[in-house]
Amino acid sequence: MGRFDEICERARRDPQGFWAEAAREIEWFREPEQILDESKPPLYRWFVGAQLNTCHNALDRHVAAGRGKAPALIYDSPVTDTQRTYTFRELRDEVARFAGALARLGVVKGDRVVIYMPMIPEAAIAMLACARLGAVHSVVFGGFAARELAARIDDAKPKVIVTASCGIEPKRVVEYKPLLDAALARASHAPERCVIVQRDRAPAELTPGRDVTWAEAIEGAPPHPCVGVAATDPLYVLYTSGTTGNPKGIVRDNGGHAVALRWSMQNVYGMQPGEVYWAASDVGWVVGHSYIVYGPLLNGNTTLLYEGKPVGTPDAGAFWRVIAEHGVQTLFTAPTAIRAIRKVDPDGALRGAYDLSRFRALFLAGERSDPDTLEWAQAQLGVPVIDNWWQTETGWPIVSNCLGIEALPIKPGSPTRPVPGWQVHVLDERGRDTGPGVTGSLALKLPLPPGSLPTLWGSDERFIASYLSAFPGYYNTADAGYIDADGYVHVMSRTDDIINVAGHRLSTGAMEEVLASHPDVAECAVIGVKDPLKGEVPLGLLVLRGDCARDHGEIVAEVIAQVRESIGPVAAFRQAVVVERLPKTRSGKILRGTMKRIAEGAEYDVPATIEDPAVLDEIATVLGAGR
Ligand code: COA
Ligand code: AMP
């Protein structure tokens, strides 16, 4: 038995012993009384009775251990032409001061703080300051518009919102203050105060009595010590797309999260303290939470916060420049970023200019890694390219090649085998295991390991209904796939209406809600269609009201603008077509899957339950003409 198999077996046989041992890597203010509370299935809690502080483990403990002068965070911003390195001591001091500022604004343990920020160090500082106080942060991705921000504000009910005056996209400056004001005008909940980082590119006009600048907030603020919290207390809530326009608040606890992330940094990513780790993502996504901020710092790594894109800031060599300049050992990004680089620089001409000798591995996640992209990256970089599968909900990889344990052979198209601690099953509709090679629902046997979501914010019932009821005793990932004869997992598609656009998780249901609100639209459907760069892009199909005599082009332009306005530019909703009717089953269910196949030019069967097969020909004609 290889080392990997041995560790999997140990984690399967004695999960509590396994995670109790991993928990020794964390400094506890009070040790756990119980490793796993199994008294209320299907809800489980890890490290009950323990007290800790996540910020202490990410920063203070490294300073106390004599690593205060080691670099903790490197900010590299090609869009502002800025670079800055914070040592562990400097970052600890900045975080303690901002925690003091938040405390002066009335934030105490358990309060929520919404963070709506671009990729600047203050975003990470604000997150860690909340952790220091035991306050619960909820970061909202900057590419979401006011309506999405408002929905999150109403659910999390923050005491304070931390934002910046603007974000900087390659082709435009995104002013955040008008978005914040629009969100607050929409939301029923009002925060007491807003803290705004003023950026030179576009300073914001403050709302008197409500807004304070970051500089004013920290002026004279006393550094705040780390507040002990229960391992089971929430560290953050991160909203993610569900099947409706109502996002789900994924809860992360403090104890399980710290244990799992530190373990994953060493065992999945193979990182030793002191090495440089770069997750080229955004703090608004789970990858940013786990692997820009918490994971690397908990493990004593230097983390890189990059405010730029894979291409265009200034060119497709940007990633290779950052790796060379900062001695990055491991990069984590989405396959779409690699596809974007390949499109501009297919022969890797720009890579040759940089010394990548310290670079060890590239990890890809967020969407399926197509073998072609993976093999291209491997040939260009000459290092292992590791696909890993996980979700906002799980917080860290479910399936990955664990470089820190034992590198297994890579099979392009598969993220390899389940990581120790996760038990992955492929189930048919009746909840029975399918055999090797047979596709079904990917489900995870309960209890889930530490670090995965214990519940949804404010609703155990919604958590159970959304994830735990389809297959009793299992968490339903809503991904479909199969396990091959070698035990390798293949993740093929979602079983719900979530699509992945450039590695960003979006709900077609939420887009349909926006389209349906247009006065001329009687009925609509949004489907994800294959795209060579972004993996998938949304396509809207509109059925207009019978009395509508308006120009179709105008209506299409209006709904495109409406989605951008309501959900945000990140939805990349740029295509819609008008059709006479939508194909439906006799019970009235819209046949989205069949339309997707038609749109992608794939073979399709006419479903036996279809109400009128002629509709499929109409759709094919419209999509053929429109594409
Ligand atoms: N704030 C404001 N707007 C944002 C934003 C942010 N943080 N992030 C993206 N947007 C906007 C973009 O400016 C763009 O607007 P536009 O319609 O005016 O051009 C729109 O949202 C779509 O952005 P994106 O999907 O990023 O497409 P793109 O064509 O600008 O860039 C890539 C394509 C591949 C370069 C880019 O998607 C990328 O870097 N992807 C990596 C994905 C990633 O890191 N995923 C995280 C999960 S690991
Ligand atoms: P998110 O919650 O934004 O991380 O998105 C999670 C979803 O992205 C998963 O449920 C999958 O559908 C998809 N996904 C993430 N990583 C992979 C991967 N390595 N292979 C296939 N799909 C992936």
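Keep in mind that the numbers below use all heavy atoms, side chains included, and drop hydrogens, waters and symmetry copies. Order of listing sets the numbers, starting from 1, for every ligand and every atom in it.
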Q.
List ligand 1 atoms under 4.0 Å from P310, heavy atoms only on the residue side.
A. 35 (C), 39 (O)
Q: Take every heavy atom of A572, measure it against each atom of ligand 1, and state whether any distance is under 4.0 Å.
A: no
Q. Is it true that G366 lies under 4.0 Å from ligand 2, counting heavy atoms only?
A. yes
**Q.** T333 to ligand 1, any heavy atom closer than 4.0 Å
**A.** no
**Q.** R564 to ligand 1, any heavy atom closer than 4.0 Å
**A.** yes
**Q.** Non-hydrogen atom of G503 closer than 4.0 Å to ligand 1
**A.** yes
Q. Heavy-atom contact under 4.0 Å between W285 and ligand 2?
A. no
Q.
Would R152 pass as a cation-pi partner of F144, given that its NZ or CZ must be under 6.0 Å from the six-membered ring centre and within 45 degrees of the axis?
A. yes
**Q.** Close approach of A280 to ligand 1, heavy atoms, under 4.0 angstrom
**A.** yes
Q) Heavy atom under 4.0 Å from ligand 1: found in F332's side chain, backbone, both, or neither? A) neither
Q: Would you please determine whether R574 falls within less than 4.0 Å of ligand 1 on a heavy-atom basis?
A: yes
Q.
When you compare ligand 2 with T392, is there at least one nitrogen or oxygen pair between them that comes in under 3.5 angstrom?
A. yes
Q) Of V136, I153, I115, V113, which is the lone residue that meets side-chain contact (heavy atoms from CB on, under 4.5 Å) with P158? A) I153
Q) Will you find, in the side chains of S264 and Y291, an N or O donor that is under 3.5 Å from an N or O acceptor? A) yes
Q) At under 4.0 Å between heavy atoms, which part of K534 makes contact with ligand 1: side chain, backbone, both or neither? A) side chain
